[in-house]
Amino acid sequence: MHATTSSPAVEADRLHKRYRSKVAVEEVSLSVAVGEIFGILGRNGAGKTTTVELIAGLRRPDRGTVRVLGLDTRRDRARLRQVLGVQPQEATLHSALTVTELVRLYGSFYRDPLPTGDLIESVGLTASHRTRFENLSGGQRQRLSIALALVGRPRVVILDELTTGLDPEARRQMWTTLERLRESGVTVLLVSHAMEEIERLCDRVALLDEGRVAALDSPSGLVRRAGFAQRVIFRAATPVPDGLLEGLDEAERVRADGDRVVVEGRGDLLQAVSVALVRAGVVATETRSEQAGLDDAFVALTGHRLDTEETIR
């Protein structure tokens, strides 16, 4: 973590938000340190966007409180706008204004905005700086919304699906931008479905499930808390005796789909599985070892896959 002070940059306490009969956010509490990139991860409908809208002061919670750099997000809105940048998931801007005009317009709201040309270049829009908003592609609109979130030199920035619609080169460019923000002490709340993005950038991650924080830790800590750190995958050319792999000290879970077997666990899992198969006379092919990732941890800690509503039994 890259915190530079003991006082949190963002402190949300027992946030609750209901829309008619649907509870979108239920008792969510988060404390984010200065200079931290903090990830919020969850399925569609898990409450991610509502949570960051409550933190940004864009919605009023039914219960609970939020402070950003010590400012109350409802009472101190004018002061908050000078230190908080927000990039929404979908930006709707004046269709007839060009990229340069929009950046200058938003920059005029702040005392010391970033130079327009430098900011446009940093998000890869120099070639499109005279293009009207209505003629921008989805990826270009995404880059522009990020520029507008950063134009006022915010000390806290909220980014909702940062790299949606961006090509791989633009995605890496955005990652570099975020890493530079962290180095300068800016706090970032990052909502994302991209596991690689979360694992690379985030100091800590909150897993949201059905409006609640299911788990909160570093990406590697979440994987450890899930109960396994790696997996061995192979195809069995001959039958695997019942209970052979389940009995290994290193194995936490064994799944078989036809001749394809997946063993999840810890320690020297590959050696333990290989030795057990050889001793049992099982012929294994296409054997490989993989480190478990954040997607595996999400399934283990929430009981759901990130990209589907299906519950894992």
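Predicted model only: the values in this text are computed from it and were never measured.
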message: Please check: side-chain N/O of Glu36 versus main-chain N/O of Arg182, any donor-acceptor pairing under 3.5 Å?
response: no

field: Polar contact flag, side-chain donor to acceptor under 3.5 angstrom, Glu121-Thr126
entry: no

message: Is any side-chain heavy atom of Leu54 closer than 4.5 Å to one of Val25?
response: yes

message: Check this for me: Gln291, atom CD, are more than 12 non-hydrogen atoms of other residues, nucleotides or ligands nearer than 6.0 Å?
response: yes

query: Hey, does the side chain of Glu210 reach the backbone of Val23 with a donor-acceptor pair shorter than 3.5 angstrom?
result: no

message: Other residues, nucleotides and ligands only: do more than 12 of their heavy atoms fall within 6.0 Å of CD on Glu196?
response: no

query: Are any side-chain N or O atoms of Asp118 and backbone N or O atoms of Pro115, one a donor and one an acceptor, separated by less than 3.5 Å?
result: no

query: With a 4.0 Å cut-off, would you call Arg255 and Asp296 a salt bridge?
result: no

- prompt: Do Arg67 and Glu11 sit within salt-bridge range, that is, some charged N less than 4.0 Å from a carboxylate O?
  reply: no

message: Regarding Arg171 and Glu197, does a basic nitrogen lie under 4.0 Å from an acidic carboxylate oxygen?
response: no

field: Sidechain-backbone polar pair: Lys17 side chain, Arg60 backbone, donor-acceptor under 3.5 Å
entry: yes

query: Judged by atom type as modelled, is there a donor-acceptor pair below 3.5 Å linking the side chain of Glu183 to the main-chain atoms of Arg180?
result: no

- prompt: With the threshold set at 4.0 Å, does a side-chain nitrogen-carboxylate oxygen contact exist between Lys48 and Asp160?
  reply: no

message: If we ignore hydrogens and angles and just use 3.5 Å, is the side chain of Thr100 paired with the main-chain N or O of His129 as donor and acceptor?
response: yes

task: Establish, yes or no, whether the cationic atom of Arg141 lies under 6.0 Å from the six-membered ring centre of Phe133 and within 45° of the ring axis.
output: yes

- prompt: Can you find a heavy atom in the side chain of Leu41 that is under 4.5 Å from one in the side chain of Met195?
  reply: yes

field: Pairing of Asp209 and Arg43 as salt bridge, 4.0 angstrom limit
entry: yes

query: Does Glu252 come within less than 4.0 Å of Arg266, counting only side-chain N to carboxylate O?
result: yes

query: Under 3.5 Å, side chain of Ser128 to main-chain N/O of Thr131, donor-acceptor pair present?
result: no

- prompt: Nearest 0.5 Å, what's the CG-CG distance between Leu136 and Leu125?
  reply: 7.0 Å

message: Within a 6.0 Å radius of atom CZ on Arg79, are there more than 12 heavy atoms belonging to other residues, nucleotides or ligands?
response: no

message: Check this for me: does any side-chain nitrogen of one of Asp62 and Arg18 sit under 4.0 Å from a carboxylate oxygen of the other?
response: no

message: Could you check whether any side-chain N or O of Asp72 sits under 3.5 Å from a backbone N or O of Arg75, counting only pairs where one atom can act as donor and the other as acceptor?
response: yes

- prompt: Considering only heavy atoms from C-beta outward, does the side chain of Glu290 approach that of Gln230 to under 4.5 Å?
  reply: no

- prompt: Do Leu189 and Leu159 touch side chain to side chain, with heavy atoms closer than 4.5 Å?
  reply: no

message: Please check this pair: side chain of Glu264 against backbone of Ala251, looking for a donor-acceptor N/O pair closer than 3.5 Å.
response: no

message: I'd like to check Val103 versus Ile120 (side-chain heavy atoms, cut-off strictly below 4.5 Å). Are they in contact?
response: yes

query: Do Leu222 and Pro219 have side chains that get closer than 4.5 Å, going by heavy atoms?
result: no

statement: So CZ of Arg81 and CZ of Phe109: to nearest 0.5 Å the spacing works out to 9.5 Å

statement: Scanning both residues in full, the closest heavy-atom pair of Gln87 with Ser145 reads CG-OG, 3.4 Å

message: Do Arg63 and Arg14 have side chains that approach each other closer than 4.5 Å (heavy atoms only, starting at C-beta)?
response: no

- prompt: Just wondering, do Val273 and Leu277 contact through their side chains at under 4.5 Å, heavy atoms?
  reply: yes

task: Over all heavy atoms of both residues, which pair between Pro239 and Val282 is shortest? Give the atoms and the distance, please.
output: O-CG2, 3.5 Å

query: Can you check whether Asp112's main-chain N or O pairs, donor with acceptor, with Arg153's side chain at less than 3.5 Å?
result: yes

message: Could you report the tightest heavy-atom contact between Leu150 and Val157, atom names first, then the distance?
response: CD2-CG2, 4.0 Å

task: Kindly determine whether Ser218 and Asp203 satisfy side chain to side chain donor-acceptor pair (under 3.5 Å), including the steps that lead there.
output: CA-CA 6 Å; Ser218 66; Asp203 299 299; over 6 Å; no

task: Could you check Phe38 against Val205 for side chain to side chain contact (heavy atoms under 4.5 Å, CB included), going step by step and ending with a plain yes or no?
output: CA-CA 6 Å; Phe38 187 94; Val205 184; over 6 Å; no

message: Counting only heavy atoms not in Gln271 (residues, nucleotides, ligands), do more than 12 fall under 6.0 Å from its CD?
response: no

statement: Minimal heavy-atom distance between Leu270 and Ser289, with the atoms involved, is CD2-CB, 4.2 Å

- prompt: Would the number of heavy atoms belonging to other residues, nucleotides or ligands and lying under 6.0 Å from CG of Asp257 be above 12?
  reply: no

statement: Shortest non-hydrogen pair, Thr51 vs Gly47, comes out as OG1-O, 2.7 Å

statement: Heavy-atom nearest pair, Gly281 first then Thr238, reads O-OG1, 3.8 Å

